[in-house]
Structure formats: C-alpha cells, structure tokens
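These values consider heavy atoms only, across backbone and side chains, with no hydrogens, waters or symmetry-generated copies.
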Amino acid sequence: MQLSIPRRLGRRSRAVLVAAVAAAALAVAVPAQAAAPPSTHAIAWGKGGFGQLGDGGYADQQLPVKVRAEEQGFTEVAGSLTHSLAIAADGSVWAWGQNNNGQLGDGGHTDSNVPVKVQGLTGVAEVAAGWGFSLARTGDGHVWAWGVNNSGQLGLGAFGGSYATPQLLGELRGITHIEAGWFHSMALRNDFSVLVWGDNSRGQLGDGTGVAKASPTVLPGLGGESGPVYDIAAGFSHSLAVRSDGTLLAWGANNSGQLGNGTTSVTASYSPVHVVGRYGQVRAVAAGCRHSYLVDGSGNVWGWGDNTEAQVAFTGALVKQPQLVPGLSDVKDVAAGCAFGLALTGGGEAYGWGQYNSGQTGTGVPVPMPPRPNAWGPGLTFIAAGGDHGLAIRKTG
C-alpha cells in the first residue's frame with residue numbers, strides 16, 4: 001500500500017522568510033498550511049443496528065452513506081457481522097460497530113457508530129474482520145489480532161478470553177494475505193504456503209483433524225512442491241484456496257454445496273477437495289456464509305452454494321458447482337456477505353445482488369437478480385462485505 005504524504009502549499013525556505021521580515025522591519029504572521037484533502041473516503045450500506053455503517057447512526061441504509069471521519073482518507077475496508085475496519089492513508093487502523101469483545105481495538109468495550117482509532121498499529125497494509133474479532137497485517141509481513149478468542153481464532157497459543165487491544169502473533173513472518181472467517185483465521189505466506197488457526201468443528205481448517213488450533217499451523221498438502229497457493233478465502237465454516245496452476249480447492253462445511261464439488265453433504269470435508277467446473281483461470285475468490293464466488297480470467301463471476309436469497313442464480317435451488325452469475329462483466333474483484341454478493345468492475349462500478357431485507361446490495365432496488373449497480377459508482381476502488389452490510393472505497397469528488 002502506498003502512503004499518502006500531505007502536500008505543503010507555498011513552500012519557501014525559512015531563511016528567505018526571515019530575510020523578508022528583517023527587511024520590512026515588521027512582524028509577519030505566517031498562517032499554518034492545511035494538508036491536502038484526502039483523495040478517497042469510505043461508504044457503507046445495509047444493516048446498521050450496531051453502528052457498523054459508521055455514519056453516526058444505527059439505521060439500516062438501502063443506499064450508500066458516507067462513513068464519518070473522511071479526513072482520514074481511508075484506503076481499504078473490511079466487514080464482519082456487526083463491525084467494520086478501515087486502513088487510513090497514514091497506515092493506522094480505524095474501527096466501528098459492536099465492541100462487546102473488544103473487536104474495535106480501542107482499549108474499551110463500548111460500541112461506536114463512528115470510526116475510532118485502533119491502538120498501537122502503524123504501517124498496516126491489510127485488515128480482516130471475523131465474528132467478534134479482527135486481524136491486521138503490516139507491510140513487513142507481521143500479523144496482529146484482537147477481540148474474542150473462544151475458538152483460538154486470534155492465534156495466540158491459548159483458547160478463551162478476549163483482548164481489547166491488538167496482540168502481535170510473534171511467530172508469524174512473511175505474511176502476504178490474511179482472511180477471517182466467522183470463527184477461524186487464515187494467512188498466506190511469502191513461500192506460497194497456507195497457515196490456519198481457530199475453530200475446526202466443520203473442517204474449515206482443512207488439516208484433516210476437525211480439532212481447533214490455538215496457534216497458526218501450516219496446512220499440509222498446500223504450498224511448496226505440492227502446489228503454491230496465491231489466494232485464499234474464509235467463509236462461515238468453509239475455506240477456499242487457489243493454486244498457481246489455476247486449481248481451486250475448498251474444504252469445510254458442504255451442507256449447501258458451498259464447496260462446489262458437485263455434491264452436498266451434512267458431513268463436512270476435513271481436507272481440501274477440488275471445485276469442479278470449466279471456469280478456467282481464477283482471478284479472485286470470496287466465501288460467504290454458505291456460498292462462494294470466483295472471478296475468472298475474462299472478468300466473469302461464478303457462484304455456487306446456498307441460493308435461498310438468489311445470491312447465486314435466479315432460482316432458489318442449491319447450486320452444487322460453479323455457474324455464471326448473470327449480467328456481470330469486466331469484474332476485477334468480488335465479495336461475499338452472508339447471503340448476498342458484491343462485484344467491482346474495472347471501470348470502478350460496484351454491483352450488488354442477493355438478499356435485500358436490510359439493503360445489503362446497496363442498489364436501492366429490492367430485486368435480488370440480476371446484479372444491479374451501486375448508486376455511488378463509478379469511482380470505486382475497493383469493496384468488502386460484512387454479514388449484512390457492504391463497504392467500499394470511493395475517490396473523493
């Protein structure tokens with residue numbers, strides 16, 4: 001992530017100013033120069049009952065609203081069921097929404113409907129939000145975690161408790177990407193291996209055991225000679241990984257077909273299985289509560305899994321393997337909420353589809369399919385989905 005350095009206006013050397021004052025023999029008051037306005041700000045829409053939209057209120061919003069504290073110049077965002085995170089242009093992290101487990105990281109447990117600063121973090125390049133916990137990755141490859149830890153999802157080596165300020169996962173080095181599921185966490189390392197920790201009751205860690213892990217553990221069979229991994233995604237209780245050869249793998253719960261292997265089963269898959277289909281090259285992946293998405297090399301979106309809210313296709317039937325989501329093209333990124341989807345195009349427009357009862361799609365139109373454009377595009381540079389709300393970064397002006 002590039003940091004935005006405030007531009008000073010009308011620069012002149014101190015020596016020139018002093019000489020001018022002496023020559024005129026009078027006191028000159030030099031007004032302080034304001035920093036340049038931020039080039040981006042955050043917007044949010046959908047469910048707002050815990051303040052997770054960050055607009056100063058608690059109402060649901062069917063159309064995007066500005067997140068308060070625009071002066072921070074937010075550059076990236078992340079959402080969970082009831083709280084949200086953002087990275088500011090200076091590398092600090094801000095949070096808003098529910099804070100019962102300290103997931104806002106400000107040292108307290110008071111909910112906030114406007115962004116508050118997470119304590120002690122600088123140089124942050126990425127954030128991820130799980131249910132009641134948060135993760136941050138710094139540009140030098142370190143990971144910090146805070147919030148609830150009942151399933152070991154913070155990766156601190158023990159189960160239980162909660163932390164209201166960020167804790168360093170000291171054993172992690174060289175991390176290039178982080179993901180937070182509902183109760184589990186994932187990380188991609190610079191050697192293209194995958195690390196997992198937290199809840200494993202539905203096989204979402206993929207290590208074949210079904211046993212929760214309180215410390216980051218290398219996922220066997222992925223990375224190195226077995227196939228480098230270049231992208232990962234964490235859902236409610238399933239996970240995805242993309243190998244460098246284009247192979248897409250999934251593991252965890254499959255009761256709604258969210259693994260995309262052509263089957264459904266009440267028995268989870270505790271080890272990775274292949275996602276079937278002719279989707280070709282995979283550019284990006286996302287995992288929701290019980291459904292999944294991918295973006296292919298041509299900019300099309302494919303979806304599979306739970307379809308009760310038309311988050312995959314027009315009909316309400318389960319989709320057991322990837323099929324094209326209609327009406328989308330030139331997509332460069334995709335995000336999955338609990339029962340809705342968001343897509344960001346190369347032209348800076350966001351599209352939403354699926355569940356709408358709280359305004360999750362951000363379109364202002366209570367029609368789940370086909371995907372419809374968000375009212376604040378173009379000019380969008382980043383999208384994210386919480387459980388029932390959406391987030392985006394928009395260029396100012």
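Residues Leu342 and Val77 do not share a hydrophobic cluster, defined by chaining ILVMFWY side chains whose heavy atoms lie under 4.5 Å apart. By the criterion of side-chain heavy atoms lying less than 4.5 angstrom apart, applied directly or through intervening Ile, Leu, Val, Met, Phe, Trp or Tyr residues, Leu219 is not grouped with Leu240; the two fall into different hydrophobic clusters. Criterion: ILVMFWY side-chain heavy atoms under 4.5 Å apart, direct or through other members. Under it, Ile87 and Leu168 are part of a common hydrophobic cluster. Each of Val282 and Val301 belongs to its own hydrophobic cluster when Ile, Leu, Val, Met, Phe, Trp and Tyr are linked at side-chain heavy-atom distances under 4.5 angstrom. In this structure, Trp96 is a member of the same hydrophobic cluster as Ile393, with clusters built from ILVMFWY side-chain heavy atoms closer than 4.5 Å.
Look at Asp245 and Arg243 and you find no salt bridge, because none of the NZ, NE, NH1 or NH2 atoms lies under 4.0 Å from a carboxylate O. Lys47 has no carboxylate O lying under 4.0 Å from a charged side-chain N of Asp388, or vice versa, which leaves the two without a salt bridge. Salt-bridge annotation for Asp207 and Lys213: present, with a side-chain N of the basic residue lying under 4.0 Å from a carboxylate O of the acidic one.
Looking at every heavy atom in both residues, Ala385 comes nearest to Gly337 through CB-N, 3.6 Å. Closest approach of Val275 and Pro322 over heavy atoms only: CG1-CG, 3.5 Å. Of all the heavy atoms in Ala129 and Ala78, the pair that sits closest is N-CB, 4.2 Å. The two residues Leu85 and Ala95 come nearest to each other via the heavy atoms CD2-CB, 3.6 Å. For the pair Thr264 and Ser256, the tightest heavy-atom approach, listed with the atom from each and the gap, is CG2-C, 4.1 Å. Minimum interatomic distance between Gly387 and Phe340 (heavy atoms only, all atoms of both residues): O-CE2, 3.5 Å.
Thr345 contributes atom OG1, which lies 8.0 Å from atom NZ of Lys332 (distance to the nearest 0.5 angstrom). Of the inter-residue distances, the one linking Met369 atom CE with Gln311 atom CD reads 8.0 Å to the nearest 0.5 angstrom. With values rounded to the nearest 0.5 angstrom, Leu195 atom CG is found 12.5 Å from Ile178 atom CD1. Residue Arg394 holds its CZ atom at 7.0 Å from CG of Leu380, rounded to the nearest 0.5 Å. Between atom CG of residue Leu169 and atom CG of residue Leu154 there is a gap of 7.5 Å, rounded to the nearest 0.5 Å. If you take CG on Asn101 and NE2 on His83, they are separated by 9.5 Å, rounding to the nearest 0.5 Å.
Judged by distance alone, the side chain of Asn99 and the main-chain N or O of Asp111 form no donor-acceptor pair under 3.5 Å. With Glu179 contributing its side chain and Ala234 its backbone, the two residues share a donor-acceptor pair below 3.5 Å. With Asn149 contributing its side chain and Ala158 its backbone, the two residues share a donor-acceptor pair below 3.5 Å. Here the side chain of Thr363 pairs a donor or acceptor atom with the backbone of Val365 at under 3.5 angstrom. In terms of modelled atom types and a separation under 3.5 Å, the side chain of Asp231 and the main chain of Val242 share no donor-acceptor contact. Using a distance-only test at 3.5 Å, with no hydrogens or angles considered, a donor-acceptor pair links the side chain of Trp251 to the main chain of Gln204. Distance alone, capped at 3.5 Å, places no donor-acceptor pair between the Trp146 side chain and the Ser134 backbone. Under the 3.5 Å distance criterion, the side-chain polar atoms of Asn307 are left unmatched by any main-chain donor or acceptor of Leu318. With hydrogens and angles ignored, the 3.5 Å screen pairs a side-chain donor or acceptor of Asn200 with a backbone N or O of Leu205. Proximity of a side-chain donor or acceptor of Glu126 to a complementary backbone N or O of Val124 within less than 3.5 Å is not detected.
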Legend entry - Worked verdict on Ser358 versus Asp60 for side chain to side chain contact (heavy atoms under 4.5 Å, CB included): CA-CA 6 Å; Ser358 298; Asp60 297 351; 3.6 Å; yes
Inset, instruction - Start with the C-alpha gap between Leu188 and Val229, add the side-chain angles, then the distance that decides, and say whether side chain to side chain contact (heavy atoms under 4.5 Å, CB included) holds. - result: CA-CA 8 Å; Leu188 187 61; Val229 172; 3.8 Å; yes
Inset, instruction - Dump the intermediate steps for side chain to side chain contact (heavy atoms under 4.5 Å, CB included) on Arg283 and Asp333, then the final yes or no. - result: CA-CA 8 Å; Arg283 179 183 297 179; Asp333 199 10; over 6 Å; no
Legend entry - Trace of the side chain to side chain donor-acceptor pair (under 3.5 Å) decision for Asn300 with Ser298: CA-CA 6 Å; Asn300 301 306; Ser298 298; 4.6 Å; no
Inset, instruction - Test Glu309 against Tyr356 for side chain to side chain donor-acceptor pair (under 3.5 Å), laying out the working first. - result: CA-CA 8 Å; Glu309 300 290 342; Tyr356 185 83; over 6 Å; no
Inset, instruction - Please assess Val93 against Val127 for the test side chain to side chain contact (heavy atoms under 4.5 Å, CB included), listing each intermediate value before the final yes or no. - result: CA-CA 8 Å; Val93 177; Val127 288; 4.0 Å; yes
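Applying the disulfide bond (SG atoms under 2.5 Å apart) rule to pairs touching residues 145-220 yields nothing, sequence neighbours excluded. For the ring pair (Phe, Tyr, Trp, His ring centres under 6.0 Å) condition, the pairs that include at least one residue of residues 102-143, sequence neighbours left out, are Trp131-Trp182, Trp131-Phe183. Every pair passing ring pair (Phe, Tyr, Trp, His ring centres under 6.0 Å) that includes a residue from residues 263-306 is listed here, sequence neighbours excluded: His291-Tyr293, Tyr293-Trp353.
For Thr82 and His389, the side-chain atoms include no donor-acceptor pair closer than 3.5 Å. Side-chain atoms of His238 and Ser269 include no donor-acceptor pair closer than 3.5 Å.
Asn254 has its side chain within reach of Asn261: a pair of non-hydrogen atoms, C-beta onward, lies under 4.5 Å apart. Asn255 is not listed as a side-chain neighbour of Ser265, based on a closest heavy-atom distance of 4.5 Å or more. Counting heavy atoms from C-beta on, the side chains of Pro166 and Val118 come closer than 4.5 Å. Counting heavy atoms from C-beta on, the side chains of Cys289 and Asp306 never come closer than 4.5 Å. Side chains of Asn374 and Pro64 form a contact here, defined as non-hydrogen atoms less than 4.5 Å apart. Counting only heavy atoms from C-beta outward, the side chains of Pro216 and Glu171 approach each other to under 4.5 Å. Taking the side chain as every heavy atom from C-beta outward, Leu249 and Val273 never approach each other to under 4.5 Å. Residues Ser92 and Leu121 are not in side-chain contact: their nearest non-hydrogen atoms beyond the backbone lie 4.5 Å or more apart.
Of the options Asp140, Val143, Asn190, a side chain to side chain contact (heavy atoms under 4.5 Å, CB included) to Ile175 is made by Val143 and by none of the others.
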